[in-house]
Amino acid sequence: SDICSLPFLAKICQKIKLSIKNSMPFKDVDSDKHSVFPTLRGYHWRGRDCNDSDKTAYPGRRPDNWDVHQDSNCNGIWGVDPKDGIPYEKKFCEGSQPRGIILLGDSAGAHFHIPPNWLTASQMSLHSFLNLPTALTDELDWPQFSGVTGFLDSTSGIEEKSIYLRLRKRNHCNHRDYQNISRNGASSQNLRKFIESLSRNQALDHPAIVIYAMIGNDVCNGKSDPVPQMTTPEQLYSRVMQTLHHLNSHLPNGSHVILYGLPDGTFLWDNLHNRYHPLGQLNKDVTYAQFFSFLSCLQVSPCHGWMSSNKTLRTLTSERAEQLSNTLKKIATSEKFTNFHLFYMDFAFQEIIDEWQKRGGQPWQLIEPVDGFHPNEVASLLLADRFWKKLQLQQPQVLGKENPFNPQIEKVFGDQGGH
Amino acid sequence: HPNGHSCLGCVAVVSVIEQLAQVHNTSIQGSMERLCGYLPEKLFLKTTCDLVVHMFGSDIIKLLGAHMNADVVCHVLDFCKQDPGQPQCHLYPLPKEAWKFTLEKGRQIVKKSSSLKYPRSS
């Protein structure tokens, strides 16, 4: 029954398991943590390698000798302008303060998504499962469409772009400098198991904007009594400080770290409980209340605390979430680090709901229909929009300046090699 | 629940099989073939589907044919199990007749089955 027990598959299975366990690219010939392969933690998750046989060439590094001979930072800009002999990287990027975007997140940040047409018989066709192999080898996450590091066009038609695409638009020298270091089930506690997969060389690379967004699993679990396992403010303080010290020893000077607060998840029950789940839409026989109850009974609920008919439990979960958000706020206002500035930002889902309703939408349309828990693509991109606007208003230096050479970069290098 | 995920998976798959038959007005056999036909060959997905149908298909046909829902089917096939002291987990409204009676009836139906004894967390 275990296909990996077949001798000729044992080696590849072992490699795949290691890749998933460490959140590192499965196919990475030069071991620089960047890949030319999409899934299995490849370029769907972090900037595509432009030379997978040279470990000194990878997205995010400062250019080697102004990239006269090769594109050492994979931003598609290299060579010398024949008109004046000046290297293009020097001409177009010097002084523009390029920077990368790195997300330390959970399934929401990785954009966990199960397409509803996988479960809806009336919509099912030969095309329904074409994306299943990609989804499975990306752990049912779709980071290439996520609100922080997404680089593919939105499937929901919403015009808002990811934070990465906005940084790229602001300064084309940021091309391909994104990393989605997220994992389903991630929390302040287990981040230490995969934070090593973050790729940044303090001496050689550009500064980065790091978003710490563990938005649920510190209060979410599937236990029949979820409270004992919830993270306490003291635990969170200690763990986040460990993470920040790790970042301070890895991030290039001039970086920025943003601690993202936790949401008030009572929104889920309030807006979904009496709506039909995709499995119940045909015969009108399964509501989200029943679905949540089934998940909790099996103890496989992603968040029993908020996905519960017990109002007291939902309220308690939100209270703990708020305490943890206040802890993050306290860290951001009282702790200082040499290599990065530290900020806090609320996960103000209500503002997203208000914006969506202004556009004629319904709150339930912001949640993944199959799991009834994760923010969907629309919500993620609206959150990215709000994040960007807040920073532009309050801390514009975090985003860097508009690069006046963007049009020339486009003229000379087109799409810079794409993604 | 040690086999919570396999129970959830089983109920979802059997629900889809049942609803495909309903939507396309076909037999359960036809619905299972249709579902496997929708799956790509990559990652052995279609092969795995055919294998699962080969192993469990005939019992699923009998049980759904006896108007049992996905909850009952997956308990009879042992993907869902109610351990002593654990609550009875079900997605759909409970059947009108007593759960234990329905379960026992289902077990009788498959008792004569040629299928293997179901490994617990298969």
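Naming: A, B, ... by sequence-line order, numbering from 1 per chain. Computation of the quantities below employed the complete heavy-atom set of this structure, encompassing side-chain atoms and omitting hydrogens, waters and symmetry-equivalent molecules. Quantities reported herein were computed from a predicted structural model and do not represent experimental measurements.
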Does CG belonging to Asp225(A) count more than 12 external heavy atoms closer than 6.0 Å? yes

Has Lys284(A) got more than 12 heavy atoms of other residues, nucleotides or ligands less than 6.0 Å from its NZ? yes

Between [atom1] of [X] and [atom2] of [Y], what distance do you get to the nearest 0.5 Å?
X	Y	atom1	atom2	result
Met124(A)	His24(B)	CE	NE2	8.0 Å
Arg34(B)	Leu126(A)	CZ	CG	9.5 Å
Leu298(A)	Cys80(B)	CG	SG	6.5 Å

Is there a side-chain contact between Gln299(A) and His5(B), using heavy atoms and a 4.5 Å cut-off?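 SC-SC contact between Gln299(A) and His5(B) ruled out.
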
Close side-chain approach of Phe129(A) and Leu45(B), heavy atoms under 4.5 Å: no

I'd like to know which of Gly280(A), Ser125(A), Ser122(A), Gly222(A) tops the heavy-atom pair count under 4.5 Å against chain B.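 Most heavy-atom pairs within the cutoff with chain B belong to Ser125(A).
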
Checking [X] against chain A: side chain, backbone, both or neither under 4.5 Å from a heavy atom?
X	value
Leu51(B)	neither
Leu8(B)	both
Val11(B)	side chain

Select one option (side chain, backbone, both, neither) describing which atoms of Ser128(A) are under 4.5 Å from chain B's heavy atoms. neither

Side-chain H-bond candidate by donor/acceptor type, Asn283(A) with Gln22(B), under 3.5 Å: yes

Between Gln290(A) (side chain) and Leu91(B) (backbone), is there a donor-acceptor pair under 3.5 Å? yes

Please check if the side chain of Gln19(B) supplies one atom and the backbone of Leu279(A) the other of a donor-acceptor pair under 3.5 Å. yes

Taking 4.5 Å as the heavy-atom cut-off, does anything in residues 134-141 of chain A contact chain B, and if so which residues? Leu136(A), Thr137(A)

